[in-house]
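Input: a single structure, listed below in structure tokens.
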Amino acid sequence: MGRRIRSVTSSAKRLRGPASTAWKTHVIGRRINSIWRRGKWIVFDLTSSEHLVFHLGMTGRLTVVRKETPVESHTHWRFALANGRQELRFRDVRRFGSVTYLKSPQALDRFFEERRLGPEPFSVPLAYWHQRLLSTKRCLKAVLLDQTVVAGVGNIYADESLFIARISPTRTGRQLTLEEAERLRRAIVEVLRRAITRRGATIRDYVGGSGREGEYQREFRVYGQTGAPCPRCGRRIECIRLAGRSTHFCRRCQPTRPQRKGQRLIGTEHEGSQQDQCRIEHSNAC
DNA sequence: ATAGGCGCCTGCTGGC
DNA sequence: TGCCAGCAGGCGCCTA
């Protein structure tokens, strides 16, 4: 933050997002005033009220390095900084990430409105949360991954949050009791706060801005732990395919119905209704 | 309007 | 040892 952009270089390969890179010359000389985040989108506020919005996709890295640092393969964008010594680099092996130039605050607002992002996970209003859960027959795994419900939860944190909340990922939103819904909301906050403290999770590619790997993967309870003993009860962690994604959970600690009888459901479904269970796809995944 | 499936990419791993 | 199918942190488009 505070640096000016001296030059911009892009690779020939295109990423997600708008194909045009005509804005490249336009941001030269602009100062990076602030950097913030909305869901999984990283926003750079430039002078003249312009914005650059980055998404890391699956394998994106956004780092600041000394300019003489050898350029790694799959580096798609390089922003030389005006101190003359450093570069901001965007590397993305799979190219599911994106860089988007937005020319005004209004354009930025529109960008996020089009994506209909839900609230930030740290400030989800309780009434809203209940409403979104009770109104859906989708399984919780699909709901947590839906960025219009809550912005910023991905596959790792969905699995970890459901484990902490002791709720099966196959349950549907409207099957939850009020108490379970609140437990899940708190679990998401707990997991994300802890993961941020540990600077994210590195499975293969991810590094933070300084190039340092995250450490939250050392605290995974279920994600990627297929066959390992559950840290709570010792039963083997299972992996199923849900909402098209690998889903890790403990069948004993995350039961498919409320643990205590007689609790009020958010929705109108009968407790544990079979047809309200999510379909589990057959797959060799995990 | 909603929900599910698939395509986009490249690299790596495990099974044969 | 080499080949190849299948899988991986996500999103957006299409269809039913």
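So you know, we letter chains A, B, ... as the sequences are listed, proteins then strands, and number each from 1.
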Next on the checklist: Working to the nearest 0.5 angstrom, can you tell me the gap between Leu140(A) CG and Leu176(A) CG?
Outcome noted: 5.0 Å

Next on the checklist: For a quick test of reading the model: is some side-chain N or O of His74(A) closer than 4.0 Å to OP1 or OP2 of dG11(B)?
Outcome noted: yes

Checklist entry - Atom CE of Met58(A) to atom C1' of dC8(B): distance rounded to whole Å? => result 10 Å

Checklist entry - Could you give the CZ-to-C1' distance, from Arg94(A) to dC12(B), as a whole number of Å? => result 11 Å

Item to check | Residue that, paired with Leu46(A), satisfies side-chain contact (heavy atoms from CB on, under 4.5 Å) out of Leu102(A), Leu52(A), Asn33(A) | outcome: Leu52(A)

Checklist entry - Is Arg38(A) close enough and on-axis enough to Phe111(A), meaning under 6.0 Å and within 45°, for cation-pi? => result no

Next on the checklist: In whole Å, measure the gap between the P atoms of dG14(B) and dG9(C) for me.
Outcome noted: 16 Å

Next on the checklist: Please determine whether a side-chain nitrogen or oxygen atom of Tyr157(A) lies at a distance below 4.0 Å from atom OP1 or OP2 of dG9(C).
Outcome noted: no

Checklist entry - Contact class for Thr202(A) vs. all strands (heavy atom < 4.0 Å): base, sugar-phosphate, or nothing? => result base

Checklist entry - Arg241(A) side chain: which of dG11(B), dC7(C), dA3(B) is closest? => result dC7(C)

Checklist outcome for this item: By nearest-nucleotide position on DNA chain B, the 5'-leaning member of Lys13(A) and Ala142(A) is Ala142(A)

Next on the checklist: Aromatic contact between Phe90(A) and Trp77(A), with the criterion being ring centroids under 6.0 Å apart: yes or no?
Outcome noted: no

Item to check | Integer-rounded Å distance: dG10(C) P and Leu117(A) CG | outcome: 14 Å

Next on the checklist: I'd like to check Arg218(A) versus Arg198(A) (side-chain heavy atoms, cut-off strictly below 4.5 Å). Are they in contact?
Outcome noted: yes

Item to check | Atom C1', compared across dG12(C) and dG11(B): separation rounded to whole Å | outcome: 23 Å

Next on the checklist: The side chain of Arg116(A) is closest to which nucleotide in this list: dA3(B), dT2(B), dG9(C)?
Outcome noted: dT2(B)

Item to check | Between Lys24(A) and Ser10(A): side-chain donor-acceptor atoms closer than 3.5 Å | outcome: yes

Next on the checklist: If I take atom CG in residue Leu62(A) and atom C1' in nucleotide dG9(C), what distance separates them, rounded to the nearest angstrom?
Outcome noted: 16 Å

Item to check | P spacing across the pair dC9(B) / dC14(C), given as an integer number of angstrom | outcome: 15 Å

Checklist outcome for this item: The Watson-Crick or G-U wobble partner of dG9(C), with both key distances under 3.5 Å, is none

Checklist entry - Just how far, in rounded Å, is P of dG10(C) from CG of Asp159(A)? => result 10 Å

Checklist entry - What's the NZ-P distance between Lys137(A) and dA3(B), to the nearest Å? => result 9 Å

Item to check | Heavy-atom side-chain proximity of Val99(A) to Phe44(A) below 4.5 angstrom | outcome: no

Checklist entry - In whole Å, what is the span from the CD atom of Glu213(A) to the C1' atom of dG9(C)? => result 14 Å

Checklist entry - Are any non-hydrogen side-chain atoms of Arg89(A) and Val65(A) less than 4.5 angstrom apart? => result yes

Item to check | Any Thr136(A) side-chain nitrogen or oxygen under 4.0 Å from OP1 or OP2 of dT2(B) | outcome: no

Checklist entry - Reading nucleotides 11-16 of chain C from the 5' end, what letters show protein touch, with B for base, S for backbone sugar-phosphate only, - for no heavy atom under 4.0 Å? => result BS----

Checklist entry - At under 4.0 Å, does any side-chain N or O of Arg95(A) touch on OP1 or OP2 of dT10(B)? => result yes

Checklist entry - How close or far is atom P of dT10(B) from atom CG of Asp205(A), stated in whole angstroms? => result 14 Å

Next on the checklist: Partner lookup for dC9(B), please. Criteria are Watson-Crick or G-U wobble with both distances under 3.5 angstrom; report none if nothing qualifies.
Outcome noted: none

